[in-house]
There are 2 protein chains.
Amino acid sequence: MKKIEVKKGQILQRKGDLSSRKYSVEKGLLRSYTIDEKGKEHLFMFAPEGWIIADASSVNGPTDLFIEALENSIILVLDEGVQFTESDTIRLIKRIAVLQKRAIMLMSASAIERYDDFLKTYPDIVQRVPQKMIASYLGITPEALSKVKSAKTKGL
Amino acid sequence: MKKIEVKKGQILQRKGDLSSRKYSVEKGLLRSYTIDEKGKEHLFMFAPEGWIIADASSVNGPTDLFIEALENSIILVLDEGVQFTESDTIRLIKRIAVLQKRAIMLMSASAIERYDDFLKTYPDIVQRVPQKMIASYLGITPEALSKVKSAKTKGL
DNA sequence: GGCCTTTCTTAACCTAGATTAATGCACAAG
DNA sequence: CTTGTGCATTAATCTAGGTTAAGAAAGGCC
């Protein structure tokens, strides 16, 4: 468990890596994402200050996700495989709850609803990341996100 | 931790319940699903023999999911809040990995790809549940699923 | 400053899947 | 046996979001 400083654009984990760590963000911003067979990027989560980011898929073999710094950041690197505490377990269950909600969201909600949910989940991220990453998080194209935003401002 | 027998159609947990249990399926088939504000059902997961089904959202308050028996089933009811073992934790992480994959799937894959993934995930469920539930699991309408299937058989 | 690359927006079109509606089935209830 | 009632399929139409393309704005970098 050590503290490290990473620069914007630096990649902490690549898809296919055989081991994986957890990263606790003290300052800055990370993201995790994957790239599918068609070469398309899909942003899985943002991790601003106070968040922990990891790739659970590593329990079953090689990792699925890239983890990258979107800003110069200071992060705590936590070793995998360490004994789990009770509070870790609760955090895991909460993470499952969040993912459960996200999956249901992706199944049922429109792009506008998902954008509103994004704004609620990450209130201060909108200004800090490129639109195309938000679009990727929402599972839509940047063009569609532009539409959504202009529809929202017109609707006021 | 007790063993119970439930009949087809019986509901073990309702959305909004304040506490929640884990159910380990010995025989039969359960499903979990939610109903959105528009009254639409979204099937979250199936749990055939050997699977465990639960609703993680209960850690943050009332439950989001219904849990229902799709067949007459024999299930083990596990109490929530019991001390977690190391293997529980690993199971949780695997669950996160599955959900992570599901979310990425929903973000990126077409209906056909999701159907193929469903067939791989639940090889022996297709014959046991109504088509409309499979459609709901895939996040599409029963009509669209019919199209997908006829497209697949034509394509042979 | 100017230049190049990347990002964002707008607009015209296209397609996967939703909606609506009609038909045919299965099976449960009388 | 007949009469529902819910389920699956097909077809016609509609729409949210994808694709393509082109111009405008915003950074790095020399």
Side-chain angles (χ1 to χ4, degrees), chain A residues 7-11 29 31 33 35-43 46 68-72 104-119 125-156, chain B residues 7-9 29 31 33 35-43 46 68 70-72 103-119 125-156:
Chain A
K7 288 217 207 77
K8 175 173 173 169
Q10 197 170 328
I11 292 187
L29 180 61
R31 67 158 172 161
Y33 64 98
I35 298 182
D36 66 25
E37 327 74 51
K38 297 160 210 144
K40 258 199 186 161
E41 243 180 69
H42 302 282
L43 206 152
F46 295 103
E68 179 194 341
L70 294 179
E71 299 173 355
N72 297 334
I104 290 170
M105 202 87 209
L106 287 166
M107 269 197 277
S108 59
S110 69
I112 296 175
E113 292 167 315
R114 299 209 295 278
Y115 183 60
D116 287 337
D117 185 69
F118 160 80
L119 292 175
I125 301 295
V126 203
Q127 319 83 352
R128 291 163 68 184
V129 304
Q131 297 300 307
K132 62 169 198 164
M133 286 192 190
I134 298 174
S136 169
Y137 173 85
L138 299 178
I140 60 177
T141 59
E143 293 84 354
L145 178 55
S146 273
K147 270 193 214 170
V148 164
K149 293 205 300 177
S150 78
K152 272 178 77 80
T153 51
K154 250 178 249 161
L156 288 181
Chain B
K7 288 218 207 77
K8 176 173 173 169
L29 180 60
R31 67 159 174 162
Y33 64 97
I35 298 182
D36 67 25
E37 327 75 50
K38 297 160 211 145
K40 259 200 186 159
E41 245 180 69
H42 302 282
L43 205 152
F46 295 102
E68 178 194 341
L70 295 180
E71 301 174 354
N72 297 333
I104 290 170
M105 201 87 210
L106 287 165
M107 270 197 276
S108 60
S110 68
I112 296 176
E113 293 168 316
R114 298 210 293 280
Y115 183 60
D116 287 337
D117 184 70
F118 160 79
L119 292 176
I125 301 296
V126 202
Q127 319 84 351
R128 292 163 67 184
V129 303
Q131 298 300 308
K132 62 170 200 164
M133 286 192 190
I134 297 174
S136 170
Y137 173 85
L138 299 177
I140 60 177
T141 59
E143 293 84 355
L145 178 55
S146 273
K147 268 197 217 168
V148 164
K149 293 204 300 176
S150 77
K152 272 177 78 77
T153 50
K154 251 179 250 161
L156 288 181

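Values reported hereafter were calculated over all heavy atoms of this structure, with side chains retained and with hydrogens, waters and symmetry mates removed. Each chain gets a letter, A, B and so on, in the order its sequence line appears, and its residues count up from 1.
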Handout entry: T141(A) vs dG18(D): side-chain N/O to OP1/OP2 distance below 4.0 Å
Key = yes
Exercise for the section: Send over the distance from I134(A) CD1 to dT7(C) C1', rounded to a whole Å. Expected result: 12 Å
Problem - Under-4.0 Å salt bridge between E68(A) and K7(A) - result: no
Practice task
Return the value, rounded to whole Å, for the distance between atom NZ of K147(A) and atom P of dA11(C).
Solution key: 11 Å
Exercise for the section: Nearest whole angstrom, please: distance from the P of dA8(D) to the CD1 of I140(B). Expected result: 13 Å
Handout entry: For the student: nearest non-hydrogen atoms of L145(B) and Q131(B), plus distance
Key = CD2-O, 3.4 Å
Exercise for the section: Answer yes or no: is there a side-chain heavy-atom contact under 4.5 Å between Y137(B) and R31(B)? Expected result: no
Exercise for the section: Please state whether the base of dG6(D) and the side chain of K132(B) form at least one donor-acceptor pair under 3.5 Å? Expected result: no
Fill in the blank from the handout: Double-helix bend of the helix from dG1(C)-dC30(D) to dG30(C)-dC1(D), axes at both ends from 5 pairs, round to 10°, gives 40°
Completion exercise
The answer to which of S146(B) and E143(A) contacts DNA chain D further toward the 5' end, by nearest nucleotide, is S146(B)
Handout entry: Proximity to the side chain of P130(B) - top-ranked nucleotide from dC7(D), dA18(C), dT10(C)
Key = dC7(D)
Problem - Protein-nucleotide distance (Q127(A), atom CD; dA26(D), atom C1'), rounded to Å - result: 17 Å
Handout entry: Side-chain donor-acceptor pair present, E143(B), S146(B), cut-off under 3.5 Å
Key = no
Practice task
Would you check if I140(A) and Y115(A) make a side-chain contact, meaning some heavy-atom pair closer than 4.5 Å?
Solution key: no
Exercise for the section: Taking all heavy atoms of F46(A) and all of M133(A), pick out the closest pair and write down the distance. Expected result: CZ-O, 4.1 Å
Exercise for the section: Rounded off to whole Å, could you give me the CE-to-P distance for the M107(B) and dA16(C) pair? Expected result: 21 Å
Practice task
Would you mind reporting whether K40(A) and I35(A) have side-chain heavy atoms less than 4.5 Å apart?
Solution key: no
Exercise for the section: Rounded to the nearest angstrom, tell me the gap between atom CD in E113(B) and atom P in dG17(C). Expected result: 9 Å
Completion exercise
In whole angstroms, the gap separating P of dT19(D) from CG of L145(A) amounts to 15 Å
Handout entry: Nearest to side-chain heavy atoms of K149(B), which nucleotide of dG17(D), dT9(D), dG17(C)
Key = dT9(D)
Exercise for the section: Look at the side chain of Q131(B) and decide which nucleotide, out of dG18(D), dA8(D), dG17(C), has an atom nearest to it. Expected result: dA8(D)
Practice task
To the nearest Å, give me how far apart NE2 (H42(A)) and P (dG18(D)) are.
Solution key: 11 Å
Problem - Phosphate OP1/OP2 of dT19(C) contacted by K40(B) side-chain N/O (<4.0 Å) - result: yes
